[in-house]
Amino acid sequence: MRLLMMSDTHLPKRAKALPAPLLDELPLADVVIHAGDWVDTETLDLLERRSRRVVGVYGNNDGPDLRARLPEVAFAELGGLRFGVVHETGPAQGREARCAARFPDLDVLVFGHSHIPWDTTAPGGPRLLNPGSPTDRRRQPHCTYLTATAAEGRLTDLVLHRLPPRR
């Protein structure tokens, strides 16, 4: 099962559209995961139209229209792994312990908010993944998103995609 993970798209405030390389990944993905801060409903509509399945949550910058359509926390079994998706996990310091305590039954937690790519495993808890942002790099050198394969209870082929600068 091929996964495409993104967060913090902030459209149309931070960019006018999702980058072409990310859009090219949509038909290749079995599941698209979005960890919140969409800002506009058009992005959700686009992903729902062009993807086989979307697992998404709302973020702190998402208004009532998105909050009516998306949960604060989403759960899905994908490729034999228990996934959770949430926007905010709090400060980096202590994140693994907080997430292991809050989500003890998960194998993988995808989160957003910081725009900083992240890949760690909480002792006794889930693997924590933040795909960064494909549209708003903030203090990062690149805009980013993640792809991976989930199969037979394992997450493999994890790739952090660095997008070229916007023109």
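As the structure is a computational prediction, the values presented were derived from the model and not from experiment. Keep in mind that the numbers below use all heavy atoms, side chains included, and drop hydrogens, waters and symmetry copies.
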Checking side-chain contact (heavy atoms from CB on, under 4.5 Å) for the pair E72/Y58: CA distance, chi angles, key distance, verdict?
CA-CA 6 Å; E72 181 179 11; Y58 67 77; 3.4 Å; yes
Test R69 against E48 for side-chain contact (heavy atoms from CB on, under 4.5 Å), laying out the working first.
CA-CA 12 Å; R69 293 174 61 186; E48 287 180 338; 2.9 Å; yes
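The residue from L70, T41, L44 that alone fulfils the side-chain contact (heavy atoms from CB on, under 4.5 Å) condition with D65 is T41.
H113 and D37 share no side-chain donor-acceptor pair at under 3.5 Å.
With a 4.5 Å cut-off on side-chain heavy atoms, M6 and I33 do not count as touching. Taking the side chain as every heavy atom from C-beta outward, L18 and L46 approach each other to under 4.5 Å. Considering only heavy atoms from C-beta on, H34 stays 4.5 Å or farther from V57 through its side chain. In this structure, V110 and H87 have side chains that are not in contact, with every pair of non-hydrogen atoms separated by 4.5 Å or more. Contact annotation: the side chain of D157 never approaches that of T147 to less than 4.5 Å [non-hydrogen atoms, C-beta and beyond]. Within the 4.5 Å cutoff, side-chain heavy atoms of L155 are placed close to those of L3.
Summarising the geometry of A100 relative to G125, their closest heavy-atom pair is CB-CA, 4.0 Å, with the distance given to 0.1 Å. Across all non-hydrogen atoms, the minimal contact from V39 to D62 is N-OD1, 2.7 Å. Pairing each heavy atom of L146 with each of H161, the nearest pair is C-CD2, 4.2 Å. Taking both residues in full, the closest heavy atoms of P131 and L160 are given as O-CD1, 4.1 Å, listed atom of the first, atom of the second, then distance. Among all heavy-atom pairs drawn from T135 and T9, the shortest one is OG1-O, 2.6 Å. Minimum interatomic distance between L163 and P134 (heavy atoms only, all atoms of both residues): CD1-O, 3.4 Å.
With sequence neighbours excluded, no residue forms a salt bridge (Lys or Arg N to Asp or Glu O under 4.0 Å) with R137. Shown here are the side chain to side chain donor-acceptor pair (under 3.5 Å) partners of R52, two or more places apart in sequence or in another chain: D30. For F83, there are no ring-ring contact (aromatic ring centres under 6.0 Å, His included) partners two or more places apart in sequence or in a different chain.
Note on residues 13-25: pairs passing salt bridge (charged side-chain N to carboxylate O under 4.0 Å, His left out), not counting sequence neighbours, are R2-E25, R14-D136. Among residue pairs with one or both ends in residues 98-109, those qualifying as side-chain hydrogen bond (donor to acceptor under 3.5 Å, both in side chains) are R82-D107; sequence neighbours excluded.
H115 places no side-chain N or O within donor-acceptor distance of the main-chain N or O of S133, the cut-off being under 3.5 Å. Within the 3.5 Å criterion, the main-chain N or O of I116 finds a donor-acceptor partner in the side chain of S114. Looking at T121, its side chain never comes within 3.5 Å of a backbone N or O of R127 through a donor-acceptor pair. Between the side chain of H142 and the main chain of T144, no donor-acceptor pair closer than 3.5 Å is present. In this structure, the side chain of W38 does not engage the main chain of N61 through any donor-acceptor pair within 3.5 Å.
Interatomic distance, C99 SG to L106 CG, rounded to the nearest 0.5 Å: 9.5 Å. In this structure, CG in D40 is found 7.5 Å from CG in L66, a value given to the nearest 0.5 Å.
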Side chains of residues 90-97: which donor-acceptor partners sit under 3.5 Å, not counting sequence neighbours?
from : atom 1 : to   : atom 2 : distance (Å)
R95  : NE     : T89  : OG1    : 2.7
R95  : NH2    : G90  : O      : 2.8
E96  : OE2    : T120 : OG1    : 2.8

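Aromatic ring orientation, W118 versus F111: perpendicular (interplanar angle above 60°, classes split at 30° and 60°).
No chain of hydrophobic side-chain contacts below 4.5 Å, direct or via other Ile, Leu, Val, Met, Phe, Trp or Tyr residues, connects L4 to L158.
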